[in-house]
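I have placed the structure first, in the form of structure tokens, so that the comments after it can refer back to it.
Only heavy atoms go into these numbers, but all of them, side chains included; no hydrogens, no water, no symmetry mates.
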Amino acid sequence: MKRPTPLSGGDRKAVAKELRRSEAMTTIYAARSAELREQGERLIREADNLLCQSWNERMWSKGGPVDPSPYITQALNGGYPLLEIECSRCRTARTVDLAELKRPSTTFIHDLAGRLVCSKCKMADKRPASR
């Protein structure tokens, strides 16, 4: 937006001063915004990591309950890209890369167990759920 230039010299100087101040504040606000956004993203990563650690400890110590579990995006953001599953029939363990799954990123980790099928049992026409 083009501002009309004031007629008097004092007014021109005041407007020029305010424009310089405004430009400086724009830079300060943008830098602070970027700083806070980075800090917020770091805190979200930390929260996702703690959520995954909590779920892992609950699964290890008590064996469940599996619900509630983190979303796939929370696990990936928290630094947990791999999921270890076990076939409920033949007890074959397998590691799944969460980033490669063709599932919505808002899928809960515990929902994956019923959808993933053991490849050994699948060849024997069995389709037990993983855990």
Side-chain angles (χ1 to χ4, degrees):
M1 174 173 113
K2 181 90 170 148
R3 300 189 189 284
T5 306
L7 298 177
S8 72
D11 288 342
R12 281 195 303 268
K13 288 179 186 177
V15 168
K17 181 179 176 182
E18 284 299 313
L19 287 174
R20 283 192 304 275
R21 181 189 162 286
S22 177
E23 289 173 2
M25 291 306 294
T26 300
T27 305
I28 291 170
Y29 289 149
R32 181 71 176 143
S33 172
E35 177 184 314
L36 289 175
R37 183 171 307 281
E38 182 180 319
Q39 181 181 7
E41 289 170 355
R42 184 177 43 79
L43 289 172
I44 290 172
R45 273 193 307 277
E46 185 178 343
D48 289 344
N49 182 286
L50 291 172
L51 177 64
C52 292
Q53 285 182 33
S54 169
W55 188 71
N56 284 337
E57 290 296 325
R58 187 174 65 239
M59 294 301 295
W60 182 83
S61 64
K62 300 178 184 176
V66 295
D67 188 17
S69 66
Y71 291 118
I72 291 175
T73 52
Q74 290 173 323
L76 292 171
N77 192 38
Y80 289 88
L82 302 176
L83 174 67
E84 187 177 307
I85 59 170
E86 181 181 88
C87 177
S88 59
R89 180 177 171 266
C90 68
R91 305 282 187 242
T92 301
R94 183 175 147 210
T95 304
V96 177
D97 187 356
L98 294 174
E100 292 181 2
L101 289 177
K102 291 180 174 50
R103 301 270 182 234
S105 59
T106 55
T107 302
F108 286 106
I109 298 292
H110 74 269
D111 285 343
L112 292 175
R115 297 176 181 168
L116 299 174
V117 179
C118 174
S119 55
K120 281 175 55 177
C121 293
K122 185 178 179 182
M123 290 173 37
D125 284 339
K126 309 287 185 201
R127 293 188 179 268
S130 301
R131 58 185 183 111

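- Atom CG of L76 and atom CZ of R45 lie 13.5 Å apart (nearest 0.5 Å).
- Taking 4.5 Å as the limit, every side-chain heavy atom of T95 sits out of range of all side-chain heavy atoms of L83.
- Summarising the geometry of L51 relative to P70, their closest heavy-atom pair is CD2-CB, 3.8 Å, with the distance given to 0.1 Å.
- Under the 4.5 Å side-chain criterion, counting only non-hydrogen atoms from C-beta, R42 is not in contact with E38.
- Checked for salt-bridge contact, R32 and E35 meet the test: a charged N lies under 4.0 Å from a carboxylate O.
- No side-chain heavy atom of E41 sits under 4.5 Å from any side-chain heavy atom of I44.
- Applying the ring-ring contact (aromatic ring centres under 6.0 Å, His included) definition to pairs two or more places apart or across chains, none involves residues 19-63.
- The side-chain hydrogen bond (donor to acceptor under 3.5 Å, both in side chains) test applied to Q53 returns N49, not counting sequence neighbours.
- By the 4.5 Å heavy-atom criterion applied to side chains, N56 and M59 are not counted as neighbours.
- A continuous path of hydrophobic side-chain contacts links I85 to I72 [ILVMFWY only; heavy atoms under 4.5 Å].
- Taking CD1 of I109 as the reference point, atom CZ of R103 lies at 11.5 Å (rounded to 0.5 Å).
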I would like to know whether Q74 and N77 meet side-chain contact (heavy atoms from CB on, under 4.5 Å); could you show each step before the answer?
CA-CA 5 Å; Q74 290 173 323; N77 192 38; 5.7 Å; no
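- Side-chain contact between L43 and E46: present, with at least one pair of heavy atoms (C-beta onward) separated by less than 4.5 Å.
- In this structure, the side chain of S22 does not engage the main chain of E18 through any donor-acceptor pair within 3.5 Å.
- For the ring pair (Phe, Tyr, Trp, His ring centres under 6.0 Å) test, no residue two or more places apart in sequence or in another chain qualifies with Y80.
- The shortest side-chain heavy-atom distance between L82 and D97 falls under the 4.5 Å cut-off.
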